[in-house]
Amino acid sequence: MNLKNIAFEKEGKIALVTINRPKALNALNTETLAEFDNVITELEKDSEILAVVITGAGKSFVAGADISEMKDMSVIEGREFGILGNKVFRRLENLGKPVIAALNGFTLGGGCELALACDIRIASTKAKFGQPETGLGITPGFGGTQRLARTVGIGAAKELIYTAKIINANEAYRIGLVNSVFEPEVLIDEAKALANTIANNAPVAVKFCKVAINRGIQTDIDTAVAYESEVFGSCFSTEDQKEGMDAFLNKKSLVGNFKNK
Ligand code: DAK
């Protein structure tokens with residue numbers, strides 16, 4: 001992979017993806033989104049990677065879509081930019097592996113939307129959050145009006161989006177935008193520890209849970225629980241279910257040693 005604006009590292013069962021354009025506070029331009037698309041393809045392909053951590057280099061996670069690139073876009077260019085961003089974010093949301101956003105700093109606009117497309121968000125005490133788009137004359141364009149409301153509820157989402165205000169990590173924690181808050185120097189280690197804890201459980205079961213939660217939240221409860229029954233049944237076709245239960249009955253545990261089969 002030829003990457004300029006993103007760093008990609010593998011550490012055992014996990015991958016660390018760092019948006020690395022600190023001069024522009026890691027703002028997402030077309031080039032970075034295209035690289036991100038390639039990174040997702042790599043994450044999909046590599047069966048050794050069982051969980052992913054995404055963070056930002058420097059004092060920002062992602063300070064939004066790139067305003068200098070967007071400023072003079074035509075209607076067609078704006079639409080193409082939106083289509084690319086939405087495609088990348090949907091691919092990330094649907095990736096068959098859990099993704100943890102380690103929010104180290106500014107998490108604004110498209111950056112907040114990127115975090116919302118991840119499965120779990122944890123933050124540094126220095127992180128700042130918001131959807132400043134209405135202050136720029138636009139609406140959130142990478143799913144913010146949809147995923148933010150699903151995550152923090154309609155009232156809190158409308159307040160954040162209509163006011164364009166910036167909130168700190170404690171407030172983000174209070175409204176449920178992030179799961180936990182850590183001192184900056186331990187954030188990445190905490191994210192990796194969380195990723196490794198998940199990676200040590202049965203990967204196929206974790207993937208099924210992700211799909212069931214993501215699909216179920218979009219549909220009525222009868223359809224959702226029917227889908228849950230389907231994935232539950234599918235677990236019984238895996239070696240990991242047989243061996244995991246066998247280990248339990250023999251007073252052992254397979255955690256950390258599942259085969260991903
Ligand atoms: N885009 C481009 N450059 C940015 C940027 C951004 N979003 N954010 C910061 N930068 C650049 C600054 O211009 C500055 O560049 P130089 O002047 O050094 O060349 C450099 O990063 C450092 O920023 P500051 O000097 O401003 O740093 P401060 O610490 O003073 O302030 C800040 C940090 C995060 C409070 C401030 O930079 C700021 O307010 N940034 C903009 C945040 C923002 O409004 N983000 C939302 C962007 S709108 C769509 C799809 C998606 C979207 C829209 C449409 N379609 C469907 C088409 C999404 C839109 C957005 O995300």
Side-chain angles (χ1 to χ4, degrees), residues 4-7 17-37 39-40 54-94 101-118 121 123-152 156-172 175 177-178 181 184 187:
K4 202 171 108 194
N5 302 323
I6 298 181
V17 176
T18 307
I19 317 286
N20 188 20
R21 242 191 118 214
K23 274 191 197 155
L25 301 185
N26 304 326
L28 297 173
N29 57 2
T30 303
E31 189 179 54
T32 308
L33 284 170
E35 286 186 14
F36 212 94
D37 205 28
V39 167
I40 295 171
I54 302 182
T55 193
K59 67 174 183 178
S60 180
F61 173 64
V62 168
D66 192 308
I67 299 170
S68 54
E69 190 185 17
M70 280 190 298
K71 186 173 100 27
D72 295 321
M73 278 181 183
S74 65
V75 174
I76 290 171
E77 287 165 341
R79 193 176 297 143
E80 278 170 1
F81 185 64
I83 289 169
L84 174 63
N86 274 311
K87 177 185 122 184
V88 171
F89 285 21
R90 275 299 276 163
R91 285 190 73 202
L92 184 68
E93 190 171 37
N94 290 328
L103 306 165
N104 52 302
F106 293 113
T107 302
L108 303 175
C112 194
E113 293 169 302
L114 173 61
L116 287 162
C118 298
R121 285 157 293 285
S124 141
T125 50
K126 289 194 172 161
K128 298 264 190 283
F129 302 83
Q131 296 287 163
E133 286 88 346
T134 56
L136 293 166
I138 55 175
T139 60
F142 293 152
T145 57
Q146 305 310 310
R147 293 192 188 95
L148 186 61
R150 283 166 167 78
T151 303
V152 302
K158 284 181 173 170
E159 185 176 336
L160 273 174
I161 292 171
Y162 296 174
T163 61
K165 71 178 175 185
I166 307 295
I167 60 171
N168 65 23
N170 283 341
E171 180 66 359
I175 64 174
L177 181 52
V178 300
V181 179
L187 178 72

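All residue numbers in this chain count up from 1 along the given sequence. In each ligand, atom 1 is the first atom listed, and ligand 1 is the first ligand listed. When reading the values below, keep in mind they use all heavy atoms of this one structure, side chains included, and skip hydrogens, waters and symmetry mates. Computed from a prediction, not measured in an experiment: that's the story for all the values here.
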Novice: Can you tell me the protein heavy atom closest to atom 35 (C) of ligand 1 and the distance?
Specialist: Phe106 CE2, 3.9 Å
Novice: Who's closest to atom 43 (C) of ligand 1 heavy-atom-wise, of Gly109, Gly78, Ala63?
Specialist: Ala63
Novice: Could you tell me the residue and atom name of the protein heavy atom closest to atom 38 (C) of ligand 1, and the distance to it rounded to 0.1 Å?
Specialist: Leu108 CD1, 4.8 Å
Novice: Give the residue, atom name and distance (to 0.1 Å) of the protein heavy atom nearest atom 49 (C) of ligand 1.
Specialist: Gly141 CA, 3.6 Å
Novice: Please write down residue, atom name and distance for the protein heavy atom closest to atom 11 (C) of ligand 1.
Specialist: Ala24 CA, 3.9 Å
Novice: Just checking, is any N or O donor in the side chain of Asp66 or Ser68 under 3.5 Å from an acceptor N or O on the other one?
Specialist: yes
Novice: Would you mind checking which non-hydrogen protein atom is closest to atom 9 (C) of ligand 1, with the distance to 0.1 Å?
Specialist: Leu25 CD1, 3.7 Å
Novice: Please list the nearest protein heavy atom to atom 30 (O) of ligand 1 with its residue and the distance rounded to 0.1 Å.
Specialist: Lys59 NZ, 4.8 Å
Novice: Given that the side chain starts at C-beta and the backbone is N, CA, C, O, which of these parts of Ala27 lies under 4.0 Å from ligand 1, counting heavy atoms, or is it both or neither?
Specialist: side chain
Novice: Using heavy atoms and a threshold below 4.0 Å, how should the contact between Leu28 and ligand 1 be classified: side chain, backbone, both, or neither?
Specialist: neither
Novice: Give the residue and atom name of whichever protein heavy atom lies nearest to atom 55 (N) of ligand 1, and the separation in Å to one decimal.
Specialist: Gly82 CA, 3.7 Å
Novice: May I ask you to identify the nearest protein heavy atom to atom 48 (S) of ligand 1, giving residue, atom name and distance to one decimal place in Å?
Specialist: Leu136 CD1, 3.5 Å
Novice: With a 4.0 Å cut-off on heavy atoms, is Lys23 touching ligand 1?
Specialist: yes
